[in-house]
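Only one structure is covered here, and it is reproduced in the block below.
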Amino acid sequence: MESGSFPPKFWKPGAEAPGASLAEERTVLVDESQSTPYVSNSCAALSLEKQRQRLPVFRHRNHILYLAEAYQTVVIVGETGCGKSTQIPQYLLEAGWAKGNHVIAVSQPRRVAAVTVASRVADERGAILGHEVGYCVRFDDCSDTRNTRIKFVTDGMLVREMMADPLLQRYSVIILDEAHERTLHTDMAIGLLKKIQKRRPELRLIVASATLDAEKFRDFFNHNDTKDCSKDTCAILTVQGRTFPVEIFYSTSAVPDYVVTTVETIMKIHEHEEEGDILAFLTGQDEVEEALKDVKERARMLANQGLKVHMRPLPMYAALPHREQARIFERTPRNCRKVVLATNIAETSITVQGVIYVIDCGFVKLRAYNPHTDIDALLIVPASQASAQQRAGRAGRLRPGKAYRLYTEEQFEKLPRATVPEMQRSNLSPVVLQLKALGIDNPLRFSFIAAPPAQAMVNALELLFALGAIDDDCHLTEPLGMRMAEFPMGPMFAKMLLESGNFGCSEEIATVVAMTQIQNVFLSPTNQKAKAARAKRRFAVEEGDHLTLLNVYEAFMKHKKNSQWCHENFLNYKGLVRAVAVREQLVRLLTRLEVPACSSEGDSDAVLRCIVAGFFSNAAQFHYTGNYRTIREGYELFIHPSSVLYGEKPPKWVLYSELVQSTHHYMRDISAVDVTWLLELAPHYYQQGTERELGAKRAKLLAQ
DNA sequence: GCCAACATA
């Protein structure tokens, strides 16, 4: 079928042909970090050296090396597929940047990317992973202090490393890959690296970013205060990608219900377009399941009518059991079209092979922190232009593709150019604690590339003060505050862990904390919801979710970490394995910080009291209206339906470790507590704080 | 009756 003839009425192609001024938007590549080492058979026949030379970035090799000599910072706009992530570190190595025991670091937002790119580079160099080329991510250090010259790390790990080596002396070059994603850790690293550059002018920084942010990064890292460009310390270089064009189709009118239209568009493509898999972006699990059900139904009808080409609709989202996630990677028979209905997980984290058609609903579900209420919300908001471009690019991997946007071109023009950086929509208490530990005494004056709301900073300082991590003068306390910063989790969890020795239950608390770090412990497959709920109830205890999680962990260990047992009990096996690793790490840390290893031997009050010691500020009281109220502000809170306390006799007082606003303010991970514990364990928080005193405290924090 | 996606010696 000819391009542009689909479907005659509903869609119109964009005004300009691909390759014109909008080429940048129309021609997008897949994320190279996700690509398999050997792209096609014809490539496999080539020597590794030839393959390397064929990459678009190769033409810029000398220029890149020149810029790295001449400028402290180089911003590389590397379109996906140009080979930047794998090649630039090697160019630098070959040019001698790793001499004298120096290391070239490449930092990625995601673990998988760090590991896969590292192994690709090791392959290219004929090296064993972990020797000359290695990686270091949480729970998995595959590097060698003496021999590793190129080290791939996650952004979080890079920030962590600064705690031990504040000037990152081991490194001669740091490459921040995918910097345009603007994760919390990337933004922290950006600000911290700017500070390091002042002390270490010889350190080189390479920021790999999308077009949109290049100038922002350049201006941020340019230490030249004069108008004389020859004194610039930062330069931009653009490297074209290698890709197939993706033709964009916009809706001709506003779409009232994008789930319905997604289904219709899938069916139209399936009936009228040539073979090729479809990837549709929706915002959440519910939408994916709803659309999936409709697509399946309509596919059955078509099959009954005798349509020869079959369809295999598949869901994809993070909470999906691993076995079902894996189905999107299975090959389909020749006359069968794969249709993947996915959340944003398919935008960066997972690449579905063989996608030719992309459907973009134009929305995304984001976490947004409200600094005025101090509450996180999960909101469905319009996606950004950058996000739309990334989604469309998912169609251009195999051959020229098509992207159907379920919004008009006018609507597209009005979308924000980029997603708001995570730093500006997060609770900052972990960030502030970590910055303090890294010697940033006044986080309000930290050189953020995008400053967060001042109120968010104030809230963070207030919480840290209430937990005893900072003192009246906003200085990190010794040893408590410093120790809290060592934990790879939020300050409330850290406080709870550090107190656990005093409550005689460090064993249990380590388990509870590890378990709360796992998402989707309990699985609930769409067709076995009731069965899954019954399985969950077998672990539930009246004390609430924290002790229920403790039960699950102990049962998992009792059954020798058996995956079949998890499957039978609707438990997330991979998550539990991760909980074991998290717990081991926490126990090591507790030992180092001399918190005694001890068990409360089944005394649940000890564990609950210890939870109060960390989470006292997250308390809520049952209200006669049938839900809960926060103590200070009186917000109306609800028990999340995933809690074991949901639908049970409501305890008078509860503590929660997470509060998320969606259709209501929902508390998740809840425990029943005794109100006297609150007064006893957090008197400074519950007995002294009149509104006036608190206001004064706030003002003092703001003045810092 | 609800569950974007990542990440931390």
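Keep in mind that this is a model prediction, so the values were computed, not measured. Only heavy atoms go into these numbers, but all of them, side chains included; no hydrogens, no water, no symmetry mates. Proteins come first, then strands; the chains are lettered A, B, ... in the order of their sequence lines, and each starts at number 1.
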Sidechain N-carboxylate O distance under 4.0 Å for A:Glu658, A:Arg367: yes

Rounded distance (Å) that lies between atom C1' of B:dT8 and atom CE of A:Met188: 10 Å

Annotated protein contacts, base or backbone, on nucleotides 2-7 of chain B with a non-hydrogen cut-off under 4.0 Å, one of B, S, - each: BSBBBS

Residue pairs, two or more places apart or on separate chains, that pass side-chain hydrogen bond (donor to acceptor under 3.5 Å, both in side chains) and touch residues 524-539 of chain A: A:Glu289-A:Thr526

Distance, rounded to the nearest Å, where A:Phe139 contributes CZ and B:dA9 contributes C1': 11 Å

Phosphate contact (B:dA9 OP1 or OP2) by A:Gln585 side-chain N/O below 4.0 Å: yes

Partner set under salt bridge (charged side-chain N to carboxylate O under 4.0 Å, His left out) for A:Glu636, not counting sequence neighbours: A:Arg629

Contacts of A:Ala377 that satisfy side-chain contact (heavy atoms from CB on, under 4.5 Å) - sequence neighbours left out: A:Leu379, A:Gln661

Protein-nucleotide distance (A:Met489, atom CE; B:dT8, atom P), rounded to Å: 11 Å

A:Lys536 NZ - B:dG1 P separation (whole Å): 16 Å

Residues in side-chain contact (heavy atoms from CB on, under 4.5 Å) contact with A:Pro650, at least two apart in sequence or another chain: A:Phe622, A:Tyr628

Atom pair distance, as rounded to whole Å: CG in A:Leu435 and C1' in B:dT8: 14 Å

Length of the line joining A:Met667:CE and B:dG1:P, which is rounded to integer Å: 16 Å

Rounded interatomic separation in angstrom, taking CD from A:Glu648 and P from B:dG1: 15 Å

Length of the line joining A:Asp187:CG and B:dT8:C1', which is rounded to integer Å: 16 Å

Partners passing salt bridge (charged side-chain N to carboxylate O under 4.0 Å, His left out) against A:Glu584 (at least two apart in sequence or in another chain): none

